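One-based numbering, in listed order, for ligands and for the atoms of each. What you see is a predicted model, and the numbers here were worked out from it, not measured in a lab.
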Amino acid sequence: MSDGNDTIFGRILRGEIPSDRVHEDEHCIAFRDVAPQAPVHVLVIPRKHIPSLKEAQPEQEALLGHLLLVAAQIARQEGLEDWRTVINTGADAGQTVFHLHVHVIGGRPLAWPPG
Ligand code: 5GP
């Protein structure tokens with residue numbers, strides 16, 4: 001049954017396609033990226049469908065903060081001392097899946113600035 005979230009992450013949330021989950025709670029889930037860009041590459045996504053940060057609302061402030069705290073918890077759980085959290089917002093910024101997600105990337109030195 002569709003809940004209107006036709007993105008690939010909507011399908012992952014509904015269990016229609018498998019994912020390697022490393023965390024789940026009432027508000028979000030986290031799973032390993034299918035095409036990891038570093039030894040650790042996890043995506044943290046809200047259960048609620050928010051297409052991107054552009055659509056985030058003031059009443060979602062606590063949820064957005066929760067996603068960042070879960071990202072940090074996962075980084076520590078994965079044994080990372082340093083890591084990068086990334087939220088690509090919009091196609092020109094590299095967003096390809098329009099369900100808000102926080103990348104947690106680490107386990108190797110990371111260059112800056114990104115491309
Ligand atoms: P974006 O480019 O939107 O910031 O990030 C989307 C991420 O989702 C990419 O890093 C991509 O590898 C990942 N991804 C796309 N499809 C799937 C999938 O079916 N399963 C998993 N685990 N990751 C996916």
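- No side-chain N or O of His101 forms a donor-acceptor pair with one of Asn88 less than 3.5 Å apart.
- Close approach to Ala35 involves these atoms of ligand 1, each under 4.0 Å from a residue heavy atom: 12 (O).
- Ligand 1 does not have Ser19 within reach: every non-hydrogen atom of the residue lies 4.0 Å or more from it.
- Looking at His103, Gln37, Arg32 and measuring to atom 4 (O) of ligand 1, the nearest heavy atom belongs to His103.
- Counting heavy atoms closer than 4.0 Å to ligand 1, residue Leu43 contributes side-chain atoms (C-beta onward) but none from N, CA, C or O.
- If you check which protein heavy atom lies closest to atom 3 (O) of ligand 1, you get Thr96 N, 2.7 Å.
- Between Ile12, Asp33, Val34, it is Val34 that holds the heavy atom closest to atom 17 (C) of ligand 1.
- Of the heavy atoms in Ile8, only side-chain atoms (C-beta onward) come closer than 4.0 Å to ligand 1.
- Surrounding CD of Glu59 are more than 12 heavy atoms belonging to other residues, nucleotides or ligands, all under 6.0 Å away.
- Among protein heavy atoms, the minimum distance from atom 2 (O) of ligand 1 is reached at Gly94 O, 2.7 Å.
- Counting heavy atoms from C-beta on, the side chains of Val102 and Leu43 never come closer than 4.5 Å.
- The shortest contact between atom 5 (O) of ligand 1 and any protein heavy atom is with His101 NE2, 3.0 Å.
- Contact between Arg11 and ligand 1 is absent, with no heavy atom of the residue lying under 4.0 Å from the ligand.
- For the atom pair Leu63 CG and Gln57 CD, the distance stands at 12.0 Å (nearest 0.5 Å).
- Atom NE2 of His41 sits about 4.0 Å away from atom CD1 of Ile105, to the nearest 0.5 Å.
- Atoms CZ and NE2, from Arg47 and His99 in turn, are 10.0 Å apart once rounded to the nearest 0.5 Å.
- Annotation for Asp92: atom CG does not count as buried by contact number, only 12 or fewer foreign heavy atoms lying within 6.0 Å.
- Each of the atoms 8 (O) of ligand 1 lies under 4.0 Å from some heavy atom of Phe9.
- When the side chains of ILVMFWY residues are joined at heavy-atom separations under 4.5 Å, either directly or via intervening members, Leu100 and Leu13 end up in two distinct hydrophobic clusters.
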